[in-house]
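Input: a single structure, listed below in structure tokens.
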Protein chains: 2
Amino acid sequence: MGTRAQVEIKRIVERLADAISEHRLPPGARLTEAKLVEVLGANRNHVRAALQKLASEYKVVTIVPNRGACVAQPTIKEAKDVFAARGIIERSIVELAIANLTAKNRNRLLKQLEKEDGAIRRGERQEMIRESGNFHRVLAQVAGNEVLDELLAGLITRTSLIIALYQETPNVQCSIEEHQALVDAILAGDREQAQHLMDEHMATIQRYLLLDERPGEVDLRAALEEP
Amino acid sequence: MGTRAQVEIKRIVERLADAISEHRLPPGARLTEAKLVEVLGANRNHVRAALQKLASEYKVVTIVPNRGACVAQPTIKEAKDVFAARGIIERSIVELAIANLTAKNRNRLLKQLEKEDGAIRRGERQEMIRESGNFHRVLAQVAGNEVLDELLAGLITRTSLIIALYQETPNVQCSIEEHQALVDAILAGDREQAQHLMDEHMATIQRYLLLDERPGEVDLRAALEEP
DNA sequence: TAGGAATAAATTGCTAACAATTTTGGATTG
DNA sequence: CAATCCAAAATTGTTAGCAATTTATTCCTA
């Protein structure tokens, strides 16, 4: 595929993924091709390709044949699976990062913390969210396994959608303090402590989610049949 | 996208992935759209979409703009990353599988072993390879995390390509004995032993790979400059 | 007025033709 | 004879328009 098209598709994918992550496009929202063409100033083929990708790769869009695309509504089961998978990968990334600690890598971690801190100080909400997410990518890159980094990237996107869907108080993000403590443990080479902190960090995010209640797909028969 | 097209694209993807996994399409082989259309009796658009997917999702195809697609030639670094990532996921799947042991799941594992055994007894080479790969998918399904299962599926495909690329004696597969021992440990609920066996199992596969030598992209300058 | 069939509108799916790019092979020239 | 350039062939990239499907509306009937 031509570079131009690929770049364009990527642009649309990111634009949509961002909008979904930030809850500007709520779960369930219809994504009509013609509307997207108009709003994004894009070719319909590119829009379609982008939707395909968001559906098959990132799973944040659902496509029903002949009926079009809409923002996905992951089930509670899927949400839990995504978090569990992410936890597993994050945990091993921590271990690899410690094993792979060079001077350059130490610097990258510290710089990332600074960026997050700067965003908070300046009160730049949007930047805060972005940098907070970037922290996990930086950690993956420090770990040095590109495959894990890719897998994590996908899971982070899906996580964002899930948070948008299931979070009660909007926009509780990763806390900078937890990132700070995590980096401290990593730089100290304390694997156990670092992994423990990462587990806690993942748990903290999930704690604000309503992954228990919620109707979803009620079994009407079971709910309504005679007692 | 229409069901028909999706099914067709999936067919092409699987056909190509199989051919790549089984080394019928060697790494580096060119995949001309017109040829594929002719051989597969497919629409060019479907062929293109399939190639896109194989490139962006599974990474077993490389697409160069305006120059077409060819079977990927993962670097040694990438090969190692894929194996490391797969090892991590397989390891955690073992743990989840043990925690998720129902009668039904025990049965699935035993049945899978029977299938593999049957293929070996009948000397069905092709079936052996397939069932040997399926074992890991079944284990993932027993573990019950669909996201991990998906991630693993992708990594298994990539692993196959890597084996095709870097294996000296062709077609050394997973050994049934190792699968057997693994299932024994899982059914016994012995997490440590099961994880140890899985680690060993992954190591066994890698042991037959030439992941050290091989030129790849030699640094000509470093190699040829005056001593 | 409720139900349902027929029609119209909107939307997605598909294809074939055309455009752009790269490769190949040969002719030309120093 | 080697190198360079040019044209033809092969291959990929792009687009517009039509076909098929679904959804909404209208109108008819009991």
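Throughout, a chain's letter reflects where its sequence line sits, starting with A, and its residues are numbered from 1.
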Length of the CZ-P vector between A:R48 and D:dT15, whole Å: 15 Å

Of the options D:dT12, D:dT21, C:dT11, whose atoms approach the side-chain atoms of A:T32 most closely? C:dT11

Is there a residue in residues 37-44 of chain A whose heavy atoms reach under 4.0 Å of DNA chain D, and which residues are they? A:N43, A:R44

Taking ring pair (Phe, Tyr, Trp, His ring centres under 6.0 Å) as the test, write out the residues that go with B:Y58, two or more places apart. none

Distance, rounded to the nearest Å, where B:E8 contributes CD and C:dG13 contributes P: 16 Å

Look at the rings of B:F135 and B:H179 and say which category their plane angle falls in: under 30° parallel, 30 to 60° tilted, over 60° perpendicular. parallel

Atom pair distance, as rounded to whole Å: CD in A:E33 and P in D:dT21: 16 Å

Taking side-chain contact (heavy atoms from CB on, under 4.5 Å) as the test, write out the residues that go with B:E146, two or more places apart. A:K77, A:D81

Most 5' of B:L31 and A:H46 on DNA chain D, judged by nearest nucleotide: B:L31

Round to the nearest Å and state the distance from B:I63 atom CD1 to D:dT12 atom C1'. 11 Å

Any salt bridge between B:E150 and A:K59, counting N to O under 4.0 Å? yes

DNA chain D: B:R67 or A:N45, which has the more 5' nearest nucleotide? B:R67

Identify whether the distance between the nearest side-chain nitrogen and carboxylate oxygen of A:R11 and A:E8 falls below 4.0 Å. yes

Determine, for A:E78 against A:R158, whether the closest basic-nitrogen to carboxylate-oxygen distance falls under 4.0 angstrom. yes

Just compare D:dT21, D:dG13, D:dA16 and give me whichever is closest to any side-chain atom of A:N66. D:dT21

Nearest-Å distance for atom pair CZ/P, residues B:R30 and C:dT22: 13 Å

